[in-house]
Amino acid sequence: MPVYNSPETGKPTVDTTAAVLPPLGPAGMLRWAWTQLTSMRTALFLLLLLAIAAVPGSLFPQRPANAAVVARHIKNNPGYGEILDALQFYDVYSSVWFSAIYILLFVSLIGCVLPRARAHWKALRSAPPRTPARLSRLPEYGTFVLPAGTGIRPRDAIEDAAAVLKKRGYRVEIRDIEGPMPSVGAERGFVKEVGNLLFHTSLIGVLVCVAVGGMFGYRGQKILIEGGTFVNTLVGYDNFTPGTNFQSSELDPFIVTLDKFEVRFDRESTKQFGQPIDFTAALTTRDGLNGQPRQQILKVNEPVYFGETGMFLVGNGYAPVVTVKDGNGNTAFSGPVVSIPTDSVYTSTIVIKAPDAAPSQLGFAGFFLPSSVKNQDGVSYSFDPDPLNPQLNLNSYYGDLGLDAGKPQNVYSLDVQKLTQLNGRDLPAGGIVLNAGQSYTLPEGKGSISFDGLKRYIGVDIRTVPGQGGVLAFSLLATAGLVTSLYMNRRRVWVRAGNHEDGRTMVEYGLLARGEDHRLAAEAAALRPLLAGQWPLDPRAAPSSQGDIDVTDAGDSAQQTSSSQQPSPHEQTKEQ
C-alpha cells in the first residue's frame with residue numbers, strides 16, 4: 001500500500017483507501033511476455049536484429065563453406081580467432097543465437113498475424129460505422145440542393161447515392177430509409193489490410209521455406225579435371241555439407257564428365273588486357289547410369305540442373321600432368337595435379353605427394369607458371385594467364401609424409417617438418433625447373449619426375465535447396481502485399497438527405513479516411529460530380545464542396561456557411 005507523510009503528525013502513514021494492484025504471478029508474467037513478443041513492434045525489432053546478426057556471416061569465413069579457410073583464419077589470428085570460434089562467428093547461420101532470433105521472429109509473426117486476421121475477418125462482415133450527427137465536421141464535406149417539384153424524395157436520393165457508391169467499389173448500408181432523414185454509410189479499402197496481412201504471412205512463408213531448405217537441402221564442392229567424371233554420390237564430393245534432416249537417398253542420380261574447359265581473355269583493350277571475359281565448360285551429362293548422354297554448357301551464372309540439384313561454376317585453374325618414379329624405377333604417381341591460382345595471371349601453388357614411392361616416400365612443393373619468363377635477376381614469373389610457356393618450379397623432399405597414420409591432411413599443403421629436402425634453390429642440387437615434356441632425375445637415386453602435359457580444371461558448387469521456389473513465390477507475394485498496403489487507403493463515406501419546409505431536398509455528404517490519406521480530397525472531388533449527375537440541382541443554391549449547412553432550417557434559399565475550422569482527431573472519433 002502507498003505510504004505518505006501525514007500533514008497532522010508528519011509521520012509516515014499507510015494510505016488504506018488507495019487501490020492495491022494484485023501481484024502479477026507466473027501466469028500473468030507469461031501472459032505479459034506473450035503480449036510483448038507478439039506485438040508488431042517486437043516483430044519489426046526482431047527482423048532488424050536478424051539482419052544485423054547475419055552481418056558476421058559476410059565479415060568472417062564460414063566453416064560450412066570452407067573449413068580450411070576458417071582454420072587458417074583462426075591460426076593467423078590467435079588473439080581473437082578462438083574467441084570468435086567460441087562465439088560461433090564461423091558458424092553464424094547454425095549458431096545458437098542466430099537460431100534463437102530466427103525462431104522468436106517466426107513465433108512473433110504468427111502471434112501478430114493470427115489476431116489481426118481474425119479482427120479483419122470480423123471487420124469484413126460488420127456493417128459500416130453509423131452516420132455521424134454532424135457530417136460538416138469531417139475532413140471532406142459537401143452539400144446539394146434539389147429544387148421543389150422534382151418528385152425526388154430523400155429516400156430516393158439516398159438510394160441513388162448508394163448506387164453511385166456501389167459502382168465506386170464501396171460496401172454500402174442504407175439507414176432509416178423510411179425516416180425523415182435517411183442516410184447511407186459506405187466503406188472501402190479493406191484490401192489495404194489484406195495486403196498488410198499478405199505481407200506478414202509471406203514473411204512467415206519465407207522463413208518456413210528457408211528452414212525447409214536448411215533441413216532437407218545439401219551443398220557440396222567438387223573439382224573436375226578435363227576428361228574427369230563425377231558421379232553424384234557422397235564419396236564423389238571433395239567437401240559435403242548436408243542439412244540437419246538430409247538423407248543420402250535423396251541425392252538426384254546423375255553423372256557429369258568435363259569434356260573441355262575454355263577461358264577467353266581480353267586481348268584488345270589496354271587497361272583490361274589479360275582479364276578473363278568468358279568461361280565455358282563443355283559437359284556430357286546423364287541422368288542415372290542408364291540415362292542417355294547429352295551435351296550441356298556450364299557458364300558463370302548459367303548453372304546446369306539435374307532435377308532440383310543445381311551445378312554452379314565457381315572456380316578454375318590449371319592441372320599439370322606429372323609422372324613420379326621412385327628409386328626402384330616403378331611409377332609411384334601419374335596424373336594431373338590441381339594447382340591453386342594466386343594472382344590474375346594464374347601463378348599457382350602446387351603440391352605433389354607420392355606415398356607409394358620406395359624406398360622413401362616423395363613429396364614436391366612449388367609453383368606453376370602458365371607463361372614463364374625470367375626477370376633481370378633470373379627469377380621466373382608468369383606474364384600472361386594463357387599457357388604460352390608452362391613451367392613447373394619445385395622443391396623435392398623424401399621421408400614420412402604422415403599419410404600412413406590415417407589422419408586426414410590438406411592435399412594442397414605439404415608438412416615438411418618430418419621430411420628431408422632433396423632439391424631447393426639454396427641446396428647444391430638446386431631447384432627443379434620443368435617445361436612441358438621435360439623430366440628430372442632426383443639426387444641420391446630417389447627417382448625422377450616428369451612434366452608430361454597440361455589440363456584445365458573447374459571448381460563446381462553442387463547444391464539442392466528444396467524451399468527456394470517457395471522463397472521466390474513468397475517474396476513476390478510479400479512485395480505485392482507491401483505495395484497494396486502502401487497505395488490502398490481505407491475510406492468511409494456518408495450521405496444524408498432531408499426535406500426543407502419549402503419542399504426542397506437537401507443532401508449532404510462527408511468523407512473520412514482511416515489513417516493518413518493524402519488522396520482523400522481527390523476522392524471527394526471525383527465523387528461529387530457523380531452524385532450531382534443523379535439529380536436536377538437547384539440553380540439558386542450555390543454549389544458547396546466544403547461547408548456547414550443545417551438541413552433542418554427552412555428558408556427561401558439554402559444558407560451555406562463555409563466551415564473554417566477543422567475538428568481534432570479526438571472529435572472526429574467521437575462523432576463516429
### Message
Using only atom types and a distance under 3.5 Å, with no angle test, would you say the side chain of Asp326 pairs donor to acceptor with the backbone of Ala358?
### Response
yes
### Message
So which atom in Cys112 and which in Thr38 form the shortest heavy-atom distance, rounded to 0.1 Å?
### Response
SG-O, 2.8 Å
### Task
Identify, with sequence neighbours excluded, every residue that meets side chain to side chain donor-acceptor pair (under 3.5 Å) alongside Tyr237.
Asn232
#### Entry: Any donor-acceptor pair under 3.5 Å from Thr342 side chain to Thr347 backbone
yes
### Message
Taking Ser371's backbone N and O only, do any of them form a donor-acceptor pair with Ser382's side chain (distance below 3.5 Å, no angle check)?
### Response
yes
### From Asn316, Leu224, Ile225, residue fulfilling side chain to side chain contact (heavy atoms under 4.5 Å, CB included) relative to Phe261
Asn316
### Summary
Residues at least two apart in sequence or cross-chain that pass side chain to side chain donor-acceptor pair (under 3.5 Å) with Arg519, listed by chain then number, are Asn489
### Query
Does Val324 reach the side chain of Ile352, with side-chain heavy atoms less than 4.5 Å apart?
yes
### Task
Count the heavy atoms belonging to other residues, nucleotides or ligands that lie under 6.0 Å from CZ of Arg294, then report whether that count exceeds 12.
yes
### Task
Any chance you could lay out the side-chain hydrogen bond (donor to acceptor under 3.5 Å, both in side chains) test for Gln295 and Thr284, step after step, and finish with the verdict?
CA-CA 5 Å; Gln295 305 300 317; Thr284 299; 3.2 Å; yes
### Query
Stepwise, does the salt bridge (charged side-chain N to carboxylate O under 4.0 Å, His left out) test hold for Asp384 with Arg267?
CA-CA 11 Å; Asp384 195 90; Arg267 299 304 181 188; 2.6 Å; yes
#### Entry: Side chain proximity check, Gln221 to Val460, heavy atoms < 4.5 angstrom
no
#### Entry: Residues forming a side chain to side chain donor-acceptor pair (under 3.5 Å) with Asp238, sequence neighbours excluded
none
### Query
How far apart are the C-alpha atoms of Thr229 and Thr257, what are their side-chain angles, what is the distance that settles it, and do they pass the side-chain hydrogen bond (donor to acceptor under 3.5 Å, both in side chains) test?
CA-CA 4 Å; Thr229 298; Thr257 299; 2.9 Å; yes
### Query
Do Val379 and Lys374 come close enough that some side-chain heavy atom pair is under 4.5 Å?
no
### Query
Are side-chain heavy atoms of Met311 and Lys222 found at a separation under 4.5 Å?
no
### Message
Return the CG to CD1 distance between Leu258 and Ile223, rounded to the nearest 0.5 Å.
### Response
12.0 Å
#### Entry: Sequence-distant partners of His73, ring pair (Phe, Tyr, Trp, His ring centres under 6.0 Å), two or more places apart
Tyr90
#### Entry: Partner set under salt bridge (charged side-chain N to carboxylate O under 4.0 Å, His left out) for Arg286, not counting sequence neighbours
none
### Task
Could you tell me whether the side chain of Gln361 reaches within less than 4.5 Å of the side chain of Asp400, counting heavy atoms only?
yes
### Task
Please report the closest heavy-atom contact between Pro276 and Val263, naming both atoms and the distance.
CB-CG1, 4.2 Å
### Query
Hey, is the main chain of Ser485 close enough, under 3.5 Å, to the side chain of Lys192 for a donor-acceptor pair?
yes
### Task
Compute the ring centroids of Phe240 and Phe246, then answer whether they are less than 6.0 Å apart.
yes
### Query
So how far is it from Thr201 OG1 to Ile110 CD1, rounded to the nearest 0.5 Å?
9.5 Å
### Message
For residues 446-456, which residue pairs pass the salt bridge (charged side-chain N to carboxylate O under 4.0 Å, His left out) check, not counting sequence neighbours?
### Response
Asp386-Arg456
### Asn290 CG: over 12 foreign heavy atoms closer than 6.0 Å
no
### Working for side-chain hydrogen bond (donor to acceptor under 3.5 Å, both in side chains), residues Asp278 and Thr280
CA-CA 7 Å; Asp278 186 49; Thr280 303; 2.9 Å; yes
### Message
Test your reading of the model: is there a side-chain donor-acceptor pair from Ser380 to the backbone of Ser372, 3.5 Å cut-off?
### Response
no
### Query
Quick one: does Asp287's side chain have a donor or acceptor within less than 3.5 Å of a partner on Gly291's backbone?
no
### Over 12 non-hydrogen atoms of neighbours within 6.0 angstrom of CG in Asn301
no
#### Entry: Minimum-distance pair of heavy atoms, taken over all atoms of Val69 and Pro61
CG1-CB, 3.7 Å
### Message
Distance check, rounded to the nearest 0.5 Å: Tyr412 atom OH versus Ser339 atom OG?
### Response
9.5 Å
### Query
With no hydrogens and no angle check, is any side-chain donor or acceptor of Glu82 less than 3.5 Å from a backbone partner on Tyr80?
no
### Message
Looking at Arg63 and Asp85, is there a salt bridge between them, counting it only when a charged N and a carboxylate O are closer than 4.0 Å?
### Response
yes
### Query
Residues two or more places apart in sequence or in another chain: which of them pass side chain to side chain donor-acceptor pair (under 3.5 Å) with Thr42?
Ser39
### Task
Please check if the side chain of Tyr218 supplies one atom and the backbone of Gln247 the other of a donor-acceptor pair under 3.5 Å.
no
### Message
Would the distance check show the side chain of Asn328 and the main-chain N or O of Asn330 forming a donor-acceptor pair, the cut-off being under 3.5 Å?
### Response
no
### Query
Between the side chain of Ser108 and the main-chain N/O of Leu37, is any donor-acceptor distance below 3.5 Å?
yes
### Query
Are side-chain heavy atoms of Tyr397 and Leu362 found at a separation under 4.5 Å?
no
Atom pairs and distances, side-chain donor-acceptor, residues 428-441, under 3.5 Å, sequence neighbours left out:
unit_1 : atom_1 : unit_2 : atom_2 : d
Asn435 : OD1    : Gln391 : NE2    : 3.1
Gln438 : OE1    : Asn435 : N      : 3.0
Tyr440 : OH     : Asn423 : ND2    : 2.8

#### Entry: Side-chain touch Phe60/Leu84, heavy atoms, less than 4.5 angstrom
yes
#### Entry: Separation of Leu401 CG from Asp415 CG (nearest 0.5 Å)
9.5 Å
### Message
So, using ring pair (Phe, Tyr, Trp, His ring centres under 6.0 Å) as the criterion, who are the partners of Trp97 when residues are at least two apart?
### Response
Phe89
### Task
Compare all side-chain heavy atoms of Phe45 with those of Leu104 and state whether any distance is below 4.5 angstrom.
no
### Query
Will you find, in the side chains of Glu308 and Thr464, an N or O donor that is under 3.5 Å from an N or O acceptor?
no
### Summary
Those residues at least two apart in sequence (or on a different chain) that pass salt bridge (charged side-chain N to carboxylate O under 4.0 Å, His left out) with Asp259 are none
#### Entry: Residue pairs fulfilling salt bridge (charged side-chain N to carboxylate O under 4.0 Å, His left out) with at least one residue in residues 461-478, sequence neighbours excluded
Arg219-Asp461, Asp461-Arg463
### Message
Quick one about Ser95 and Asp91 (side-chain donor to acceptor, distance below 3.5 Å, no hydrogens or angles considered), yes or no?
### Response
no
### Message
Give me each pair satisfying ring pair (Phe, Tyr, Trp, His ring centres under 6.0 Å) with a member in residues 279-319, each pair once, sequence neighbours excluded.
### Response
Phe254-Phe306, Tyr318-Tyr346, Tyr318-Phe368
### Message
Counting only heavy atoms from other residues, nucleotides and ligands, does the tally under 6.0 Å from CZ of Phe273 exceed 12?
### Response
yes
### Task
Please report the closest heavy-atom contact between Ile101 and Leu46, naming both atoms and the distance.
CG2-O, 3.9 Å
